[in-house]
Amino acid sequence: MLEIMKQRAKELLESGRVVRVLGWQRGDFPNLREPVFFTTAKQLDNLEYDRFCAANLSKYLIGTDVPTLAFLKPCDTYSLNQLVKERQINRQMTYIIGIGCEGSAKLTDMEENGTLERCLVCTKTVHAAFDELIGEDAAPREKNDRFAGVGEIEAMEIAARYTFWQDHLARCIRCNACRNICPVCHCKKCVFDNTKYDTAQRANASAFEEQMFHIIRAYHVAGRCTDCGECNRACPQAIPLHLLNRKLISDINHMFGEYQAGTDTETPGPLTNFDIEMDKEVGL
């Protein structure tokens, strides 16, 4: 597949259909693959695609103003659609080649037990958007219940639930990796960077500070999170941030009916679509 990807990218680049290609190259460590823009056919010799190419490349298309080819895995295309819907990506400036995915691996292990958690419960094995495909979409895999972890936490006593989250959030070093890598965290000026308020780059000096950042961010992406799992993958402290997001996804599904953000570029999300009759049904 990699050689076909390289050849097709070179064709589109040399024809002038696109002026740059978004993909992956080898990083500084053996299993590290990093997002990169290629601008020449020669550079494309360094294109990589394997199980370590885990990054969701849709984030790097925000604000694209030149014709750009991007290789996207099936789950990435849901983030692409969501960003097009939110007018952060000009779809006419992108050429999307969908590529097959058998699940991404952790940096430390290429074996099955090194598969990222998000891939073990993935529900998005078919591309939601593309201009052409290389290979075929994978058949739906047998999956674990992605809300199982949410159910386990909900079953805890309140005190135990608080302790669970406090123990995890206490490890947060406020590196902002989760925010910076999240496709739908695209505010020009984040409230946590705005020096006009007391929230700017606050250290986690108290339990309140530890909780505030993550609770605000989880509510900020509610109804827009595609469950791509990038926040989990990027967190250097292994905080289970996906559980916060999935809790809100689960609640939205319960209140408004099952909804998958990024399925298309037109359907309003349940939290951005005002409907009096629906509000009455859910008791609002």
Side-chain angles (χ1 to χ4, degrees), residues 1-29 31-105 107 116 118-119 124-135 137 177 179-186 188 226 228-231 233-234 262 265:
M1 180 183 288
L2 178 58
E3 292 307 312
I4 297 174
M5 290 167 60
K6 288 181 179 179
Q7 182 59 37
R8 185 63 181 131
K10 289 179 179 179
E11 292 172 358
L12 290 167
L13 198 59
E14 292 174 341
S15 71
R17 174 65 179 80
V18 300
V19 299
R20 62 181 184 175
V21 176
L22 176 58
W24 302 266
Q25 68 179 7
R26 288 183 179 272
D28 294 331
F29 303 102
N31 296 339
L32 182 63
R33 307 289 181 264
E34 54 190 24
V36 64
F37 285 103
F38 301 98
T39 56
T40 68
K42 179 62 175 175
Q43 291 175 354
L44 282 165
D45 290 336
N46 296 321
L47 178 68
E48 293 285 340
Y49 185 58
D50 56 24
R51 289 189 68 214
F52 293 125
C53 295
N56 181 347
L57 298 185
S58 65
K59 174 81 174 189
Y60 303 89
L61 292 172
I62 292 177
T64 294
D65 58 2
V66 296
T68 301
L69 161 63
F71 291 107
L72 297 186
K73 304 183 296 296
C75 56
D76 302 343
T77 60
Y78 287 79
S79 298
L80 170 78
N81 277 346
Q82 188 64 31
L83 288 167
V84 170
K85 183 186 297 187
E86 296 178 8
R87 299 185 177 88
Q88 298 302 309
I89 292 176
N90 182 349
R91 186 65 175 87
Q92 294 182 337
M93 284 293 174
T94 64
Y95 191 89
I96 305 303
I97 293 184
I99 49 178
C101 176
E102 296 300 325
S104 298
L107 290 178
L116 292 175
R118 71 185 188 192
C119 301
K124 302 178 289 295
T125 58
V126 176
H127 289 80
F130 59 88
D131 293 298
E132 64 177 271
L133 287 175
I134 292 181
D137 283 329
R179 180 197 69 180
N180 295 344
I181 205 165
C182 174
V184 294
C185 261
H186 51 67
K188 294 288 191 296
T226 63
C228 74
E230 284 290 80
C231 53
R233 186 178 69 86
T265 60

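Computed over heavy atoms, backbone and side chain alike; hydrogens, waters and symmetry mates excluded. Because the structure is a prediction, the values reported are computed rather than measured.
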S.K.: Is it true that a side-chain atom of K10 and a backbone atom of D45 form a donor plus acceptor pair closer than 3.5 Å?
M.R.: no
S.K.: Please examine the side chains of E132 and Y95, heavy atoms only from C-beta on, and report whether any two atoms are closer than 4.5 Å.
M.R.: yes
S.K.: Could you pull out the closest heavy-atom pair between L61 and T64, with the gap in Å?
M.R.: O-OG1, 2.7 Å
S.K.: Hey, does P74 have a side-chain heavy atom less than 4.5 Å from the side chain of H127?
M.R.: yes
S.K.: Donor-acceptor pair, distance only, cut-off 3.5 Å: does the side chain of E48 make one with the backbone of R33?
M.R.: no
S.K.: Applying side chain to side chain donor-acceptor pair (under 3.5 Å), name anything that partners Q7, two or more places apart in sequence or on another chain.
M.R.: E11
S.K.: If you round to the nearest 0.5 Å, how far is CG of N31 from CZ of R51?
M.R.: 11.0 Å
S.K.: Restricting to non-hydrogen atoms, name the atom on S79 and the atom on C228 that form the minimum distance, rounded to 0.1 Å.
M.R.: OG-CB, 4.1 Å
S.K.: In the structure I gave you, are the side-chain heavy atoms of R8 and L69 within less than 4.5 Å of one another anywhere?
M.R.: no
S.K.: About how many Å separate SG of C119 and CD of E102, when rounded to the nearest 0.5 Å?
M.R.: 10.5 Å
S.K.: Nearest 0.5 Å, what's the OG1-CD1 distance between T77 and I99?
M.R.: 11.0 Å
S.K.: Can you tell whether the side chains of D131 and R91 come within less than 4.0 Å, N to carboxylate O?
M.R.: yes
S.K.: Find out whether F38 and L13 are in side-chain contact, i.e. whether some heavy atom of one side chain is under 4.5 Å from a heavy atom of the other.
M.R.: no
S.K.: Quick one: closest heavy-atom pair of P183 and L83, and the distance?
M.R.: O-CD2, 3.2 Å
S.K.: Which atom pair, heavy atoms only, marks the closest approach of L116 to R233?
M.R.: CD1-CD, 3.8 Å
S.K.: Given L2 and L47, is the side-chain contact (heavy atoms from CB on, under 4.5 Å) satisfied, shown in steps?
M.R.: CA-CA 8 Å; L2 178 58; L47 178 68; 4.1 Å; yes
S.K.: Taking it one step at a time, do R20 and T68 satisfy side chain to side chain donor-acceptor pair (under 3.5 Å)?
M.R.: CA-CA 5 Å; R20 62 181 184 175; T68 301; 2.9 Å; yes
S.K.: Do N46 and V36 have side chains that get closer than 4.5 Å, going by heavy atoms?
M.R.: no
S.K.: Would you say I134 and M1 make side-chain contact, with heavy atoms under 4.5 Å?
M.R.: yes
S.K.: Ignoring hydrogens, what is the shortest heavy-atom contact between P35 and W24? Give both atom names and the distance.
M.R.: N-CD1, 4.3 Å
S.K.: Only counting residues at least two apart or in another chain, list the ones meeting side chain to side chain donor-acceptor pair (under 3.5 Å) with K73.
M.R.: D76
S.K.: Does E86 offer a backbone N or O that forms a donor-acceptor pair with the side chain of Q88 under 3.5 Å?
M.R.: yes
S.K.: Taking C-beta and beyond as the side chain, do C182 and C231 meet within less than 4.5 Å on heavy atoms?
M.R.: no
S.K.: Out of curiosity, F71 CZ to M5 CE, how far, rounded to the nearest 0.5 Å?
M.R.: 4.5 Å
S.K.: Any sub-3.5 Å donor-acceptor pair from T94's side-chain atoms to I96's backbone N or O?
M.R.: no
S.K.: Looking only at heavy atoms, which two atoms of L80 and S58 are closest? And how far apart?
M.R.: N-CB, 3.8 Å
S.K.: Is the shortest side-chain heavy-atom distance between Q43 and T40 below 4.5 Å?
M.R.: yes
